[in-house]
Amino acid sequence: MKPIVIAMKGLLGASLIWMILMFFRMMDTSIIELSSIFTLLQTLRNIILVGFYWLVFGLFMVFGIGTGMIFSLFNFIPVGIPIYDTAFNTSLAVQSRDMFFAQWFPLVSLSQRTIDFLETPPDPNLMTIDQYMGYIVPELQALGESAYIILFQVLAVLMIVYGILSVIQTNPRHSLKTILYLNLMIIFPLILFGIQNLVQVFISDFNLGQYIGIYDAETGIGNVLPYPIRPEIVFMQIPERFGQFLLSSIFQIALASFIYLEFAFQLNYMYQVTSPSEQRAERLREQIQTLKRASREAVVHLEKIEAGEPTEILEQELDEGGNVIEKTKMESVRKFLSKTATGFSFIREMIERRKMEEKTKRAIEALQDTRRLSNYLNRLFDQDPEAEQTLTAKSSAPGAGRLIRSTIIDMVYRIAGITFLVFVISKTPWIITHIFRAPESIADSVEMFTPEVILTLFIPLVLLFPFISIIIRQTKAQQLRKKLRVEKEKRESLETKELIAA
Amino acid sequence: MKLGQNGRALLLFGIFFIASGFAFNSYYLIIIGLFCLFAIVYSMPQFDSSLNVDDLKVERILESNTVFRDSFLHIKVRVMNTGGSQFNFIDIFDDYPAEVFRVVAGENFISTRINPHQTIIFSYILAPKIRGEYDIGPLTVVVKDRLGFNAEQRTVPDSVDKILVYPPYEMIRKIEAMAQQRAVNRSFGIHRSRMKGMGTEFFGMRKYVFGDQFRAIDWKASVRSQELIVKEFETDRAIDVTVFVDSSESMGGGARENTKFEYSVQAAMLLAKVALGRKDRVGCVTFSDKKHFRFLKPSGKKGQFFLILDFLARVMPRGEKNVFESCEEFVRKFQKRGLVIILSDMETSRENVLMGIKKLRTYGNQVMVMSPFSPWFEAHELDLSPADKAIAEAISEEMMEHLVSIRPDLQKYQCPLINVGPDDMLNVVLQEYANARKRGKGE
């Protein structure tokens, strides 16, 4: 059965690669910079330094203002001679900042991303913190952008890692995570741009109505943050014809994801159905071998124990537990009890004796158990030739041919059916207009041009399946009840006949 | 029917993607959300139409309904698909009390696929850890669709079997061996009944009184003494021995495998074996409160030991101790006098104990109390902190004082109270029984 699972793993791997390649068709890879991590670190360092600089300077300012206020009291002395001048104080603060505190901090350089942002970059790039303050806004922008691109890259790495794990470990959870991370790479930028659009609505115009339209996300793209996903694919409209729909990028990416998931679940199914019997057989074989070995050793040890000879097992017990350690422990117990208890030495002795006996007793019991189990298994295999097979559940392993056939049929049936259903749902406006012949007021309404219109068809269609399922279930239950009733009646009539005959 | 783990995850994904698609006006996200949601529901009708759980016959085949504690139990589970359609994915799980048994080989569950008219058998071996009566089962069948989106769980009706776990066979064998050895019997001393009759052991001589059998006259002695002298012999007389085993909750304290109750059961078995070997009639009572009172009538028949074994194997320590009510119930059910040996920790009120013993004595029974002293039985668990040890010691002291206070009152009823520990319990119980018989108690 292993070759089938390996072949399925190969197919799963292929579908993963296909899905990733399809996904990269949706991406604008030019804006992805692997060096963005350095931009992030550099801007982060600069901003932390600025923060620290202002913290120190702020503390000094508080101190300066405090002392200034105290010294200003001298102005109230009526001698006509100005003892204190606030201009001196201010000058002291400025000079201290520039000539003293600023010297504590190293010169900083702008990140390359900030330089790219600027129309007139500074020359030279190295500058003091005070000079750097003039570029703080583009630096913050570079920090946000690099963080955003790094997050995007992290999601890509996670997607690939879980994709590989899903192939190796046959766990559908990994596949689900792969799909999640892949789509988060699309959704995350969309969320940011959604927020940006929302903010723009409030800033640029108070007439909110015209900005709530569905195409605002597109207009917002590229203003502040780079957009790694191609908008022409993400916001692509559904093609009119089924053929075009099948060839469209959005369908192919979605289909690749779905097929990847389908393979992952089918592989998991195959693995769960076929592997237990193989693993059981393997485990039992190892178990029996270990048991035989342990049993032989146990017999030797038990014979020695019965003959009163020292055995390794008991010696080991003493060595591991430490004869001396055990004695010390008992000594302390005895000391403690002698202090606290009076007149119950027999209880104390009993406790101590039991403690000492426990280890030896347990070791002997373990040896006896091993011997007994080994004997029992030997006897069982002699008496019941099927026992070994049933313990390994060999008969439960399904035939390879049937399994492959049913898997292929099931996959084709599901993929074809679901694809068709998805197409039908995506054509909801057409179906409403042409099949249900909706009145003009509905057919031309704004709602018909929103994506939410699919709900009118999607909800009834998606609920149709559980509904059919419930009907089938109820019918079956009814048939079963009927069958049981008929059987009961038959049985009763038979009993009556027997009674009459008797 | 309920959604499986994969189904639930896909449902969440589907809703999340569709909602995102609506929010960001992305048909790509909507399509992938639709794929996820349809993937769950698409197979539902197919799953239900092929789901004929009633076609699946699942049964458990037990090697035996009884097992010794130191033995093993091989359990087979047979699954038959009697219908015409296959089950793509079934999980079968056979439940067992994990605190009582451990699986030593095989597994008690299986995940597989079953074709029409196919039979699958899997098995596992259980090792019991504790004596008693336990349930194995029920069998649970979970039928899933291939991808684990939909699942249907059923519990197989009437799939619970009772398993009776006897005390370790090795111990029973030892007891049997002990009882068979004459040396053992000798060690207890030969019982001499005070009843005179047709035995072989000489008892004494006395003057003839009217009504004595002529064949009992010792003519030689009569000639010597010039009076009619009758020679008397002892007769072996079987008595009724009833072993009272306290099955109240207090007897079940400590490690489950080494409780006072477990030791008492072993002691009762040993007593029964020895007493039956000596032709006494042995019965058994397990008592706590009125509800849990169980009585096995004394008998000396051949299978009595196994009846006692079975009787004791089914009892678990439950309920509050009520010695008086239990003794009252006993004398109501069995009025013959005999020897009553009570195995109880006596952790109840003094009055209750005394009233119970008085009741037994009123009906002419001779009573002995063997009291397993709790701290000695729970001593192996006393790996405690100094403070806890001090508390344990105080409790021990209190318990001992309680027993010491009961003892003189019991002696008024000629009822000895003997404290026993785990190491000497079996020996002391046998010794006391032998002494009692020597003294002719219970006749």
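By convention in this document, chain letters (A, B, ...) are assigned in the order of the sequence lines, proteins followed by strands, and residues within each chain are numbered from 1. As a basis for the values below, the full set of heavy atoms in this structure was taken, side chains included, without hydrogen atoms, waters or symmetry mates.
Counting heavy-atom pairs closer than 4.5 Å to chain B, the top-ranked of the candidates A:L380, A:L255, A:N268 is A:L380. Chain B forms more heavy-atom pairs under 4.5 Å with one residue of A:R414, A:E262, A:Q272 than with any other, namely A:R414. Heavy-atom pairs under 4.5 Å with chain A were tallied for B:Y124, B:F72, B:F122; the largest tally goes to B:F72. Options B:A39, B:C36, B:A127, B:G21 differ in how many heavy-atom pairs under 4.5 Å they form with chain A, and the most are formed by B:A39. Listed options A:I454, A:T392, A:I415 were ranked by heavy-atom pairs under 4.5 angstrom with chain B; first place goes to A:I454. Put simply, of B:F89, B:F16, B:Y42, B:F38, the one with the most heavy-atom pairs under 4.5 Å next to chain A is B:Y42. Residue with the most contacts toward chain B among A:I470, A:L455, A:V422, A:L480: A:V422 (heavy-atom pairs, distance under 4.5 Å). If you tally non-hydrogen atom pairs under 4.5 Å between each of A:L377, A:I179, A:I191 and chain B, the highest count goes to A:I191. With chain B as the partner, the residue from A:N375, A:T419, A:D410 showing the most heavy-atom pairs under 4.5 Å is A:D410.
Side-chain atoms of A:Y269 come within 3.5 Å of backbone N or O of B:N88 as a donor-acceptor pair. The closest donor-acceptor contact from the side chain of A:S257 to the backbone of A:I253 lies under 3.5 Å. Within the 3.5 Å criterion, the main-chain N or O of B:N115 finds a donor-acceptor partner in the side chain of B:Q118. B:D424 places a side-chain N or O within donor-acceptor distance of the main-chain N or O of B:G421, the cut-off being under 3.5 Å. No donor-acceptor pair under 3.5 Å is formed between the side chain of B:S71 and the backbone N or O of B:F68. With hydrogens and angles disregarded, a donor-acceptor distance shorter than 3.5 Å links the side chain of B:S123 to the backbone of A:L391. When atom types are taken as modelled, the side chain of B:N81 and the backbone of B:S85 share a donor-acceptor pair closer than 3.5 angstrom. Not one N or O on the side chain of B:D145 forms a donor-acceptor pair closer than 3.5 Å with the backbone of B:S43.
Proximity to chain A is absent for every atom of B:D91, based on heavy atoms less than 4.5 angstrom apart. Using a 4.5 Å cut-off between heavy atoms, B:L29 contacts chain A through its side chain alone, with no backbone atom that close. Only the side chain of A:L261 comes within less than 4.5 Å of a heavy atom in chain B; its backbone stays farther off. With a 4.5 angstrom heavy-atom cutoff, A:L182 touches chain B only via side-chain atoms. For A:T475, no part lies under 4.5 angstrom from a heavy atom of chain B. Contacts of A:I250 with chain B are made by both backbone and side-chain atoms, with heavy-atom separations under 4.5 Å. Residue contact with chain B, scored on non-hydrogen atoms closer than 4.5 Å, involves the backbone and the side chain of A:R402 alike. A:F458 touches chain B through its side chain: at least one heavy atom from C-beta onward sits under 4.5 Å away, while N, CA, C and O do not. Only the side chain of B:I30 comes within less than 4.5 Å of a heavy atom of chain A; its backbone N, CA, C and O stay farther away. Contacts of A:L176 with chain B are made by both backbone and side-chain atoms, with heavy-atom separations under 4.5 Å. Contact of A:A387 with chain B is made through backbone and side chain together, with heavy-atom distances under 4.5 Å. Heavy atoms of B:S20 lying under 4.5 Å from chain A belong exclusively to its side chain. When heavy atoms are compared at a cutoff of 4.5 Å, A:L184 approaches chain B solely by way of its side chain, counted from C-beta outward.
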Before you tell me yes or no, could you show the steps for B:R146 and A:T407 under side-chain hydrogen bond (donor to acceptor under 3.5 Å, both in side chains), namely the whole-Å CA-CA distance, both residues' side-chain angles and the distance that decides it to 0.1 Å? CA-CA 9 Å; B:R146 289 176 71 96; A:T407 304; 2.6 Å; yes
What's the verdict on salt bridge (Lys or Arg N to Asp or Glu O under 4.0 Å) for B:R154 and B:E152, showing C-alpha distance, side-chain angles and the deciding distance? CA-CA 7 Å; B:R154 293 269 174 97; B:E152 175 79 27; 3.7 Å; yes
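Using non-hydrogen atoms only and a strict 4.5 Å limit, the part of residues 107-114 of chain B facing chain A consists of B:E107, B:F109, B:I110, B:S111, B:T112, B:R113.
B:E262 has no carboxylate O lying under 4.0 Å from a charged side-chain N of B:K260, or vice versa, which leaves the two without a salt bridge. Salt bridge status for A:D384 with B:K76: present, with a side-chain N to carboxylate O gap under 4.0 Å.
Under the side chain to side chain donor-acceptor pair (under 3.5 Å) criterion, B:E63 pairs with A:Y376, sequence neighbours left out.
Classified by interplanar angle (parallel below 30°, tilted 30° to 60°, perpendicular above 60°), the ring pair A:F251/A:F245 is tilted. Between B:F17 and B:F13, the ring planes lie perpendicular to each other; the angle is over 60°, past the 30° to 60° tilted range.
Sparse packing is recorded around CZ of A:F467, with 12 or fewer heavy atoms of other residues, nucleotides or ligands lying under 6.0 Å away. Within 6.0 Å of atom OH in A:Y271, 12 or fewer heavy atoms from other residues, nucleotides or ligands are found, so the atom counts as exposed in its surroundings.
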